Amino acid sequence: MSERKDFLRTIVEADLKSGKVKEVVTRFPPEPNGFPHIGHAKSIAINFGIARDYNGHCNLRMDDTNPTKEDTKYVQALKDAVEWLGFEWEGNVRYTSDYFSQIHDYAVQLIKMGKAYVDSLPEDEIREYRGTVKEAGKRSKYAERTIEENLDLFERMKKGEFKDGEHILRAKIDMSAANMKLRDPLLYRIRHVEHFRAGNEWAVYPMYDFAHCLSDYIEGVSHSICTLEFENNRDIYNWVLETLELTPPRPYQYEFARLGINYTVMSKRKLLELVDGGQVNGWDDPRLPTIAGYKRRGYTPESILAFCASVGIAKANSMVDVSQLEFCIRDDLNPKVPRVMCVLDPLKVTIVNYEGSEEIDSSYYPHDIPKEGSRKLPFSKNICIERDDFMENPPKDYFRLTPEQSVRLKGAYIITCKEVIKDASGNVVEIKVEYSKESKSGADTSGIKVKSAIHWVDENSAKEVEVRLYDRLYSVEAPEGIEDLNPDSLKVIKTALIEPAVIDEKPDVRFQFERQGYFYGDPVDYTDEKPVFNKIVGLKGSWDKKSKKTETRPKERVKKEQVDGEVVAMSQEQEALFAKYTEELQLNSEVSNTLARDAQLSAFYEEALSLLNSPVSLANIVTNEVARELKQVAVEALKFSVKDITELVKLIDDKTISNKIAKQVFEEMVKSGTNPKQIVKDKGLVQISDPAIIGTIIDEVIAKNPDNVEKFKAGNSKLLGFFVGQVLKATGGKANPQVVNQLVTQKLK
RNA sequence: UGGGGUAUGGCCAAGCGGUAAGGCACCAGUUUUUGGUACUGGCAUUCGGGGGUUCGAAUCCCUCUACCCCAUCCA
């Protein structure tokens with residue numbers, strides 16, 4: 001709905017505006033044979049989002065045409081995913097299987113029309129007969145069966161009289177179609193298996209290409225949106241609907257690029273392998289890009305939706321960086337969730353000069369988050385801090401506790417290291433510190449400056465919790481198989497220490513563990529006795545990165561060498577034409593080349609030349625403008641004639657119109673076929689070359705854009721185009737651009 | 001006898017003949033009791049390469065290159 005729409009919304013809006021579509025109806029049509037992943041989320045966001053934006057509706061339809069693969073347990077996962085993302089489907093959940101009898105009737109109709117036949121070739125022969133990508137296929141002899149035979153056979157197929165694979169129903173289209181999907185595509189196959197919804201009612205099941213378009217039609221879908229790999233299927237989609245002569249309105253298919261994210265896999269097959277192979281713990285393993293996985297990990301629907309919106313919708317295959325997803329969840333959680341303290345790897349700290357205990361009141365939110373809420377932080381002389389928040393021999397830019405450097409215990413006091421206690425093997429096991437009584441948070445009169453504040457917990461009151469640290473599932477950007485798995489994708493810490501309020505008060509389910517990241521109480525394994533937290537995502541952190549950065553070598557920019565392929569040689573006739581154009585007519589070689597190689601174009605050109613002796617202008621317009629139109633339609637279908645073109649060129653040659661106007665006139669000729677002179681007259685397109693008139697306009701433009709004038713004078717010569725454009729715009733394109741150009745340059749000197 | 005798509009900074013992505021939006025990432029600075037957040041500034045003389053048309057081209061024409069999809073009785 002924003003100013004900048006994606007291409008699908010652009011199409012939808014145009015259809016609405018033109019009246020082609022009265023109500024926008026979309027559908028999300030997954031096959032219930034696996035758990036939905038974030039790629040499905042993108043599709044859900046698109047289909048439901050478009051329906052919502054244009055006051056239409058979106059159906060949830062299970063595309064259950066293959067009884068051997070689908071299962072009801074996936075249906076639930078799909079419904080859950082849509083609901084979790086916050087969308088509502090229109091009416092009940094639809095199933096392609098609901099339409100089996102209608103689809104069957106359409107098949108019968110096709111047979112009656114002579115557009116479908118029962119083939120009885122064995123599977124491997126069907127494949128063989130299909131031909132290859134470079135060779136035409138050949139039609140099965142069974143394609144000659146009479147309509148009656150086909151009807152009879154299909155009826156018996158349906159009744160279950162034949163075994164699987166014995167016969168098949170196919171459309172009769174074209175076995176030599178360049179688009180292989182059109183080589184008599186299969187419509188129905190025999191399957192003696194129980195369908196999870198239709199039971200044993202059917203012995204034949206429709207194929208995707210037949211069922212999908214008809215289901216869309218039956219549901220009144222206006223825009224059938226799918227992914228790029230179905231581009232080739234669009235021809236059958238249209239063929240079925242057109243051949244059946246269905247009463248309008250009918251749906252149209254549009255394709256967008258599927259979502260790819262680095263360091264993970266998105267194919268159902270690979271996901272299934274991970275689950276079945278035990279590499280992960282089920283479909284909802286938080287490392288998986290499944291919606292169930294993200295949900296369990298702690299991602300919010302808002303963040304997933306924001307991500308889908310941020311990656312856009314286009315037709316270029318792409319691989320989105322995970323950091324974009326991570327940004328979305330941090331961005332969503334930052335203003336929402338309470339900050340608490342949890343020490344993952346505890347180091348014992350004794351505050352030697354502190355006696356007794358106290359409770360410190362501390363807000364759940366930092367100063368910049370306008371939310372209310374606080375808890376009591378127990379404090380005593382025995383506390384724990386994060387092991388890597390202390391270093392005996394720190395690098396210069398280390399801000400935390402060292403023997404020489406004090407730190408603040410967040411929300412509490414400033415401490416100074418006094419003694420480091422080590423075990424026999426030299427590991428630090430405890431540090432003894434002194435605190436400054438005057439440094440209490442909020443009432444600090446100590447005057448001590450510290451570089452950072454670290455998190456901590458009181459040893460006695462802290463609760464032991466399990467924390468599951470998740471990292472990317474794969475260690476390579478574009479993983480192939482399990483050999484690419486990241487061995488450290490899951491680290492379980494069983495002895496993390498968390499402040500008591502998190503467990504006792506449970507202010508939320510999602511938290512920011514200060515200085516570490518966002519965490520989520522695991523919805524499955526969490527119990528009050530054994531709390532479990534999943535790491536959703538880490539904080540951004542520039543410290544870790546800096547230290548890691550030394551490892552990543554700066555990648556050198558390798559400029560890819562462009563190899564120029566061989567250009568096909570010209571035939572003799574083409575060579576002759578080329579020679580004539582370059583030598584006799586003095587055309588430049590590129591134009592001559594284009595003309596000479598295209599028989600249609602050169603014929604058009606020659607004819608024009610016989611009417612008007614202006615070889616160069618004619619060649620230019622034929623090569624550059626007429627050529628475009630000829631790409632779309634045949635010469636006979638052109639609305640303008642050769643003569644029209646010569647007249648157009650005449651207008652240019654005698655300077656009645658500029659090249660710019662000529663383009664405008666040409667466009668009109670393409671659309672209406674009106675004679676160019678008439679167009680120029682009707683629209684008053686005669687060009688303005690009078691420097692006086694143009695000069696005043698330039699002055700106006702200059703007066704209106706002092707900033708740009710300054711920039712231009714400062715050396716930004718690119719702005720010349722801006723000024724020329726403005727003047728041209730002011731004159732409706734009629735100003736002579738060459739004159740404008742000259743004048744602008746002069747005036748801005 | 002091949003056909004259908006796609007190429008804009010490290011990653012996404014606008015742009016549709018008037019002179020390269022935005023986000024992520026990255027870098028620098030300010031604020032900060034999170035090495036977080038927020039804020040400020042920087043980050044494409046150039047749009048896969050080469051030609052051509054035009055006063056002017058990422059946008060139009062020609063050509064080359066690279067990548068993706070199609071030969072399941074899968075969807």
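Per chain, numbering begins at 1; letters A, B, ... match sequence-line order. This structure is a prediction, so every number in the text was calculated from the model and none was measured. Note that these values count all heavy atoms, side chains included, but never hydrogens, waters or copies made by symmetry.
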Could you list, one pair per line, each protein nitrogen or oxygen that sits under 3.5 Å from a nitrogen or oxygen of nucleotides 54-58 of chain B, together with the distance?
residue, atom, partner, partner atom, Å
B:C55, OP1, A:Gln738, NE2, 2.8
B:C55, O2', A:Asn741, ND2, 3.2
B:C55, O2, A:Asn741, ND2, 2.8
B:A57, N6, A:Lys663, NZ, 3.3

Mind checking the C1' distance from B:G22 to B:G36? Whole angstroms is fine.
-> 24 Å
Atom P, compared across B:A14 and B:C70: separation rounded to whole Å | 24 Å
For a quick check of understanding: with a heavy-atom distance under 4.0 Å over all strands, which category does [X] fall into, base, sugar-phosphate or nothing?
X	value
A:Ser318	sugar-phosphate
A:Ala316	sugar-phosphate
A:Arg597	nothing

The side chain of [X] is closest to which nucleotide in this list: [options]?
X	options	value
A:Thr623	B:C61, B:U37, B:C12	B:C61
A:Asn317	B:G23, B:C68, B:U37	B:C68
A:Ser323	B:C24, B:U33, B:U72	B:C24

For A:Lys138, does the NZ atom have more than 12 heavy-atom neighbours from other residues, nucleotides or ligands under 6.0 Å away?
-> no
When you look at CZ of A:Arg258, are more than 12 heavy atoms from neighbouring residues, nucleotides or ligands closer to it than 6.0 Å?
-> no
Between the base of [N] and the side chain of [X], is there a donor and acceptor pair under 3.5 angstrom?
X	N	answer
A:Arg400	B:G35	yes
A:Lys718	B:U46	yes
A:Gln512	B:U34	yes

According to the 5.5 Å centroid and 30° plane-angle thresholds, does A:Phe399 stack upon the nucleobase of B:G35?
-> yes
B:U33 OP1/OP2 closer than 4.0 Å to side-chain N/O of A:Lys451 | no
Is A:Ser452 near enough to B:U34 that one of its side-chain N or O atoms lies under 4.0 angstrom from OP1 or OP2?
-> no
For A:Gln574 and B:C62, give me the distance from atom CD to atom P, rounded to whole Å.
-> 15 Å
In whole Å, what is the span from the CD atom of A:Glu667 to the C1' atom of B:G17?
-> 10 Å
Can you tell me the Watson-Crick or wobble partner of B:A7, both distances under 3.5 angstrom?
-> B:U65
Residues that A:Phe154 engages under ring-ring contact (aromatic ring centres under 6.0 Å, His included), provided they are two or more places apart = A:His104, A:Tyr188
